[in-house]
Structure formats: C-alpha cells, structure tokens
Amino acid sequence: MRQIPLPYFDERNEKIDTVIIHCVAHDIKGAIESFEKHQVSAHYIIDEKGHIYRLVDEQKRAWHAGVSFWQKRENLNHSSVGIELCTNSFGQNPYPFKQVSALIRLLKKLKHRYHIKKDRFLAHSDIAPTRKADPGKSFPWGYLSKHGFGVWYDFKNTKKLQETDETKLLSLIGYNTENLEAARVAFIRHFAGYTLCHRTINSLVDEPFNEEPHLPNKDYLKLLQSVAAHFI
Ligand SMILES: [Zn+2]
C-alpha cells in the first residue's frame with residue numbers, strides 16, 4: 001500500500017468500532033493539497049483506479065468527521081476509521097467498479113481487525129447531515145451491504161414495526177433529528193439516492209440538504225420503517 005503521511009491527527013482514546021466513508025471532488029494530488037490547506041485528514045484515500053493510500057495510522061485519531069453524531073454518540077473521530085474516495089462528480093455519478101472493489105477489500109480487513117458490526121459502516125452525511133453530503137447519492141450502499149458493510153432494507157421487515165413517527169424512526173436508526181429536514185435528506189441519500197436530483201458540487205458543499213426527494217410519502221415511511229426495523 002502506498003503511503004502519504006499527513007500530520008493532522010492526535011491520540012485515539014477510544015476503541016475503533018465504526019467506519020466513515022467520505023468523498024472528495026479531487027484526484028489524489030488535489031485531495032492532499034486540500035487536506036493540507038484545511039488541516040484535515042483521513043486514514044485512507046482511494047483513487048478512481050482503485051489505488052489505496054494510507055494517510056494516518058489507524059491507531060491515531062484522524063481529523064475527518066468533525067462535529068458529528070450517531071446513535072447518541074458525538075464526535076465520531078474518536079472511534080472511527082475514515083476513508084476518502086476520489087470522485088470528480090462528488091458522488092453524483094456512479095463510482096468506478098475498481099474503486100468500489102478496492103474499498104471492499106479494505107473494509108474486509110478493518111471489519112476483521114476490529115470486529116466492526118454491520119450497522120457501523122456509515123456515510124459522512126449520515127453523521128453530519130446539516131453540514132455534509134458525501135459520499136453522495138450514487139454511493140453503492142446496497143451493494144456494500146451485500147458484502148456485510150452497512151444495513152439495507154427489506155420491505156418484509158416493516159411488519160415487525162408499528163411506529164409511524166418520522167422523528168422516532170430516524171433517531172432509532174441513529175440520526176440526529178434536531179434538524180429533521182437534514183436527517184430526512186441524509187437518510188434518503190443513503191437508502192434511495194436515485195430519487196434525488198443531480199446537483200453541482202458547489203451546491204452540495206454549500207447547502208448539503210437543500211433537496212426535494214422524489215419519493216411519495218407512503219414509500220418513504222415504508223423505507224424508513226424497514227431500515228429502522230434492524231434496530232429494534
Ligand atoms: Zn467527508
């Protein structure tokens with residue numbers, strides 16, 4: 001594996017139990033320049049050809065998640081490994097197969113090394129829905145879930161769950177629902193990204209949850225219930 005050591009990390013005081021997936025709208029060189037400019041980092045970055053680069057030792061706390069929340073826990077940098085993906089479209093177009101395959105290889109190692117549970121593979125937009133839109137609507141969560149990374153939905157599951165309150169369902173999954181609209185868009189981006197419009201990189205960066213999903217309310221509720229059913 002290639003190495004590009006970055007100095008943007010500190011000591012890790014918590015056990016690793018989560019992986020956060022990000023994307024950057026740059027190639028490797030541009031991404032490193034951007035990390036240096038903003039003094040941020042991740043543990044790994046994968047280019048569009050599937051080359052993996054290590055930036056920060058997993059045992060250190062890389063600075064990738066920022067202000068974040070999931071399942072009543074804040075500041076996910078403490079307990080997570082952060083992986084960046086290079087994508088010119090900022091996750092609006094499909095990710096190349098070689099890049100996804102490389103990611104899966106890396107995730108298998110991490111899952112094995114730290115016994116990471118299936119439901120702890122998350123998008124940056126899941127844990128920071130008011131601030132972030134990465135890795136974008138085209139990230140293949142359904143495909144990754146088949147390999148054991150991230151939960152997916154099964155409409156048969158909704159029978160187990162009678163709850164119909166949107167806020168309760170989103171927080172059961174793990175979202176911060178203080179801003180309900182942002183949590184809703186993050187959820188739809190993760191589980192029904194195909195219903196979202198194609199947006200420019202600047203608009204995704206400036207207004208990550210300014211979206212009007214084309215998903216009928218009853219379908220949205222069914223989707224929400226079937227994902228939330230994993231967490232009861
Ligand atoms: Zn990110």
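In each ligand, atom 1 is the first atom listed, and ligand 1 is the first ligand listed.
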Discussion item. So that I can check it, does any N, O or S atom in His124 come closer than 2.8 Å to the Zn ion (ligand 1)?
Written reply: yes
Worksheet item: Any salt bridge between Arg189 and Glu211, counting N to O under 4.0 Å?
Response: yes
Practice prompt. Measure from the Zn ion (ligand 1) to every N/O/S atom of His22 and report the name of the nearest one.
Written response: ND1
Item to complete: Kindly give the atom name of the N, O or S atom of Asp134 closest to the Zn ion (ligand 1).
Response: OD2
Practice prompt. May I ask you to check whether His64 brings an N, O or S atom to under 2.8 Å from the Zn ion (ligand 1)?
Written response: no
Item to complete: Could you tell me whether Lys37 and Glu33 have a side-chain N and a carboxylate O separated by less than 4.0 Å?
Response: no
Item to complete: Using the ring of Tyr114 (Phe, Tyr or Trp, six-membered ring only), decide whether Lys15 places NZ or CZ under 6.0 Å from its centre and within 45 degrees of its axis.
Response: no
Worksheet item: Does atom NE2 of His112 have more than 12 heavy-atom neighbours from other groups under 6.0 Å away?
Response: no
